[in-house]
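Reading through the structure tokens given below for one structure.
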There are 4 protein chains.
Amino acid sequence: MDAIGRERLTLATYEKPRPAADEALVRVGAVSLNHRDKMVIESGRGLSLAYPFTPGSDMAGTIVERGEQVQGFAEGDRVISVFTPDWIDGRRPGNARTPAYRTLGGFYPGVLSEYVAMPAAWLVHAPRTLDDAQASTLPCAGLTAWFALVERACVKAGDRVLIPGTGGVALFGLLIAKMSGAEVIVATQPEKGERALALGADHWVDRSRDDWREAVYALTDEEGVDHVLDVVGGENLGVSVQLAAVGGHVCQIGALAGFDIASPAMPLMLKDVTIHGIGTGSRRALERFVRAVDQARLEPVIEARYTFAELPQALDHLERRPFGKIVIDVPGD
Amino acid sequence: MDAIGRERLTLATYEKPRPAADEALVRVGAVSLNHRDKMVIESGRGLSLAYPFTPGSDMAGTIVERGEQVQGFAEGDRVISVFTPDWIDGRRPGNARTPAYRTLGGFYPGVLSEYVAMPAAWLVHAPRTLDDAQASTLPCAGLTAWFALVERACVKAGDRVLIPGTGGVALFGLLIAKMSGAEVIVATQPEKGERALALGADHWVDRSRDDWREAVYALTDEEGVDHVLDVVGGENLGVSVQLAAVGGHVCQIGALAGFDIASPAMPLMLKDVTIHGIGTGSRRALERFVRAVDQARLEPVIEARYTFAELPQALDHLERRPFGKIVIDVPGD
Amino acid sequence: MDAIGRERLTLATYEKPRPAADEALVRVGAVSLNHRDKMVIESGRGLSLAYPFTPGSDMAGTIVERGEQVQGFAEGDRVISVFTPDWIDGRRPGNARTPAYRTLGGFYPGVLSEYVAMPAAWLVHAPRTLDDAQASTLPCAGLTAWFALVERACVKAGDRVLIPGTGGVALFGLLIAKMSGAEVIVATQPEKGERALALGADHWVDRSRDDWREAVYALTDEEGVDHVLDVVGGENLGVSVQLAAVGGHVCQIGALAGFDIASPAMPLMLKDVTIHGIGTGSRRALERFVRAVDQARLEPVIEARYTFAELPQALDHLERRPFGKIVIDVPGD
Amino acid sequence: MDAIGRERLTLATYEKPRPAADEALVRVGAVSLNHRDKMVIESGRGLSLAYPFTPGSDMAGTIVERGEQVQGFAEGDRVISVFTPDWIDGRRPGNARTPAYRTLGGFYPGVLSEYVAMPAAWLVHAPRTLDDAQASTLPCAGLTAWFALVERACVKAGDRVLIPGTGGVALFGLLIAKMSGAEVIVATQPEKGERALALGADHWVDRSRDDWREAVYALTDEEGVDHVLDVVGGENLGVSVQLAAVGGHVCQIGALAGFDIASPAMPLMLKDVTIHGIGTGSRRALERFVRAVDQARLEPVIEARYTFAELPQALDHLERRPFGKIVIDVPGD
């Protein structure tokens, strides 16, 4: 936390803010962390932040007060935050030169706070089947996997889905593919493969072996996979394209392996492959995802929970490639 | 023509073949050349060819005889060949490891011949508004641009389309985008820009200038283009992604700049861009394209026509980046 | 005008309203009439209107003042109104029991006025290639045809489109289909058929003859039409389904022949036909349409223009099945 | 069985036919019955049948011999038949006037026989997780529900699906919707509602009550259902449209209530509803469905099994609105 430093970071609001006419005041119950939070805290990530700056984009909590114009929400309603609140439905904002990346805990103030006041339109009802810690993982990691597999690549029952990882987005991908009736292959390290099976994956292949691609060809009778949730990026995009079935979809989500992607052109062209650039999803997509979570009883995977005071340890944990999400429990009154 | 050599190449059939029961015998009128033909002739392109080998994939001609089981075609019907005859409609053949690239003049014998006998199902009725030379340009170059813009990327009226080139596929892209009501920007060398305007392009930008991307941003009020028909490939894919509008489509078609594509990941992800790998299209798609050609009176652009005997010169011409297609007129009886 | 009566109708604002912070004040230049306006004026159409009530939903004009929070519009900008302003993009509002039909000149106050103040978000930039009279025809009739053919049924070059009428929506359908590269058949009365050809239609058939359906089969070699813009409704839906091609689309738009539609089931099922219920479109769809209008130089068809004082005659004209739209010119200062 | 009569019906082949070069000879294990079979047997259903006529379209069995050109199948492979074998993928055959309804046991000879020889291309590998009786239910009833919900209406996790019946197609719809993560409401008679819940339905409503539609509104918080698998037809289409959510899909499948469908126009138009005419699906769709069946361990619902000799009783059973499918077990050697 060099770049921002504790003194410039506000992790808690000691006085309740008052909601404006179109705002709701939320008592935060839990905040889920993303790598992005760590980058923002440590380097500012190129953003022009206003100090004191509150980090964090993904929270679940309860509305305790609301402005007089707020519709669709009542006091006591459990809610989650929207990661990119300006993106309502359909086409997202922005233009060719300047993509719109106005997120909470970045362009907008964050949610790692006891109370947050924000426009009610930036909130979505929490799933009734999840507690605050679980629900807090949906706005970024969960929605990204949902939007990629369901709303962009249109996964359907019987499709084969390759998930090359076991982080937050990856495990949501596993669960979402399974609730859609798909067959899931997770490519990971050995110790995590068995855990993926326990979550419902049909197969795992050892990504530390040179021949892991052959294992995928073998598992699919050379047909390949209909979808790859590529959370790795970089040169791995080319691997995804090679493993894709004819007419297959590669969702480009991650940049773990670098901010430049590369692929051989011929399998992309001769197999009619489609690559979808994915950057979370819209408000309405989050509402649709919440309904699916409740319907299919999807249970987000949380690797560890920390207290508010343990934020530094929680951020450190993010570096150790957790199996699922890291959540901060926000203390009650 | 080192690798094959004239003695191993058959450019003409001196005896009419007899069509089998499901075949039609076609008197070839014209054959359109592709770079691929040159590669096959010069290097075999990795294919295991049967000698004597007849090159060429794209022909127009007239049915002069047909087998007894042939339906849907009569003697005297004008026809064109299908580039990848095994791909009927919907998903193309092949699997993840081995894409299906069974084309005429490659896996299958070619059409640079006075007569060809082939299954009638490998033929499509020629557009009634085009002569043989024009019609012969549709099966590969024309269909590729049609399938990319219309059947994969779903171009619609008012969309902005960037065409970074003026070869065969590129100029078909220009004409197809215009007949679909789109706005077309061609990125090319100065001497070709004015010719593109004459064909209906709305704008051209000078691709030899370092700031040509800025010119595209300026022409689109920073909105970018809804579609790029990327016939260049390689690192140019990244340029296409940067110039793409939010929600835009990049059709990856060409490998002029190399067989590996690369792009920055962030604009792909944050602008919800979709990349479509394109490798021609299906038989039914060719039928749909023919109907559109007749309806919109699309006129393919032919840079030069050669006689049968001038094949070497015609292949040389392909190297000089022609503006449109090169066609071989096949001599009549 | 029995139900409302002149005394309860306000056709002009004699004092300029002041725009609120998020509003723009528009000097109205022209208002285009729809049958719905006549119904609202004559019967209230079941709406609970506030009196004095201003009718009219579709206007073009110029912004003369704007609230301090308005972004994206400047004074002097030419604009058109959005017919259903709550529908932004993607899924429209409303639920299963109560469709959302909150239109200007109905649920919301109308625009048949010298000045209107409304949220700037309810406005879209007017096409730069159209004058106010022409531009005023886009928000309802134009957008309906656009949304149906382009955004729901995805018309493409070479498709066949049947337009059974020559009213406002029908003629927009004709022009939009043509600018998309489609082949258009208009089914109408003889005197209007030639006028349709002059606008670009490829064929017309005499809808007053019993055998007009046979004429459509004949024109399409029995293939049928890929799209029907069904502005008639009622039993005519069944005719549309019978004339539809395999995999064809019927856009159900009109209720001229009654508020109940009917069709034989077998051709619907055995031809994989899709019926799209159409009720105008969203704000973003109107923006996309405006861009296409400018790009393709689409010229709306206006049958007659009336002055503000001639509103009763203009409403009477609506009853006489005009060929295109009826527009009211709103007097300047 | 008046119209055809036993003497003109062949239910068994006493001599094994020899397969032609492109054919496979199948030892039939089970045949699933459809209402259509009863209509064909009793009335010929308007078809020009060749006698002796073998009825039945849906079989599962084992390949016992194959022609020399057959690829992709080996002796011993378990297979099912394709209901409309000419429809490969993409757009189905036929034209506007004459839909293509060339099915086995209708236009083509049927499968209610100990052995059938047919082109190998008319066969699809049976799911490895189902026995012959179960597998025989897929080609018509199963594929119809799959094609409707998955390939036309694109059901996704969290969607609400209304199934107004418990016959063969309806129960496949229930199972397919559930394996896709959807919420299912079955509208049926009381005694069948509980059985539907046991199969995984989330709710059932009593279709014999006048207020059953209100029950659906209540179960969905007035939102309505995203999909209706309308196996009833007739006036029920209007009910489906009224219960559909904004942007919802109605799959028109059945004609139990008559061969003419009707609906009020306004909810169709104002809720952006799409009606899909459904008539089974293609060969490739059947292959995709088989993969989904294996992956999700879908178990078809069989109400009763009969022997070959009990065909008359089995056909009578079809009249008694069975809960699921009726299957004929074909005797082994």
Side-chain angles (χ1 to χ4, degrees), chain C residues 84 87 90-101 147 152 213-214 216-217 220-225 233-235 237-238 241-250 252-255 257-281, chain D residues 84 87 90-101 147 152 213-214 216-217 220-225 233-235 237-238 241-250 252-255 257-281:
Chain C
T84 52
W87 184 5
R91 186 172 138 147
R92 72 188 300 174
N95 65 24
R97 191 196 295 271
T98 312
Y101 196 56
F147 198 68
R152 291 288 296 280
R213 285 172 252 192
E214 288 300 317
V216 175
Y217 284 137
T220 62
D221 291 329
E222 310 272 296
E223 287 296 319
V225 293
E235 299 279 336
L237 181 73
V241 167
Q242 282 169 324
L243 294 175
V246 173
H249 298 262
V250 176
Q252 168 59 34
I253 291 175
F259 286 98
D260 288 288
I261 54 170
S263 171
M266 293 314 285
L268 175 69
M269 293 159 67
L270 294 182
K271 294 194 298 187
D272 271 14
V273 169
T274 304
I275 301 172
H276 303 271
I278 302 291
T280 71
Chain D
T84 53
W87 184 6
R91 186 172 139 146
R92 72 189 298 173
N95 65 23
R97 192 197 294 272
T98 311
Y101 196 56
F147 197 68
R152 292 286 296 280
R213 285 171 253 191
E214 289 300 317
V216 174
Y217 284 136
T220 62
D221 291 328
E222 311 272 295
E223 287 296 318
V225 293
E235 298 279 336
L237 181 72
V241 167
Q242 283 170 322
L243 294 176
V246 172
H249 298 261
V250 176
Q252 169 59 33
I253 291 175
F259 286 97
D260 288 288
I261 54 169
S263 171
M266 294 313 286
L268 176 68
M269 294 160 66
L270 295 182
K271 293 194 297 187
D272 272 14
V273 169
T274 304
I275 300 172
H276 303 270
I278 302 290
T280 69

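Letters A, B, ... mirror the listed sequences (proteins, then strands); counts begin at 1.
- The pair D:Asp272-C:Arg152 meets the salt-bridge criterion, with a side-chain N (NZ, NE, NH1 or NH2) lying under 4.0 Å from an Asp/Glu carboxylate O.
- Going from atom CD1 of C:Ile278 over to atom CG of D:Leu270 covers 11.0 Å, rounded to the nearest 0.5 Å.
- If you measure heavy-atom distances from C:Leu237 to chain D, you find no contacts under 4.5 Å at all.
- Atom NZ of C:Lys271 and atom OG1 of D:Thr98 lie 9.0 Å apart (nearest 0.5 Å).
- One finds the NE2 atom of D:His276 at 8.0 Å from the NE2 atom of C:His276 (value rounded to the nearest 0.5 Å).
- Heavy atoms closer than 4.5 Å to chain D are found in the backbone of C:Val273, but not in its side chain.
- The line from CZ of C:Arg97 to CG of D:Asp221 is 11.5 Å long, rounded to the nearest 0.5 Å.
- Proximity to chain C involves both the backbone and the side chain of D:Ile261, based on heavy atoms less than 4.5 angstrom apart.
- When all heavy atoms of C:Ala96 and D:Ala244 are compared, the pair lying nearest together is CB-O, 3.5 Å.
- Interface summary for chain D: among C:Ser263, C:Gly224, C:Pro264, C:Pro93, the most heavy-atom pairs under 4.5 angstrom belong to C:Ser263.
- Here the closest heavy-atom approach between residue C:Leu268 and residue D:Gln252 is recorded as CD2-CG, 3.7 Å.
- Heavy atoms only, all atoms of each residue included: C:Asn95 and D:Glu222 are closest at CB-O, 3.2 Å.
- In plain terms, the two heavy atoms of D:Met269 and C:Arg92 that are nearest each other are O-NH1, 3.7 Å.
- Contact of C:Gln242 with chain D is made through the backbone alone, with heavy-atom distances under 4.5 Å.
- Among residues two or more places apart in sequence or in another chain, the salt bridge (Lys or Arg N to Asp or Glu O under 4.0 Å) test is passed with D:Glu235 by none.
- The residue among C:Val246, C:Val241, C:Asp260 with the most heavy atom pairs within less than 4.5 Å of chain D is C:Val246.
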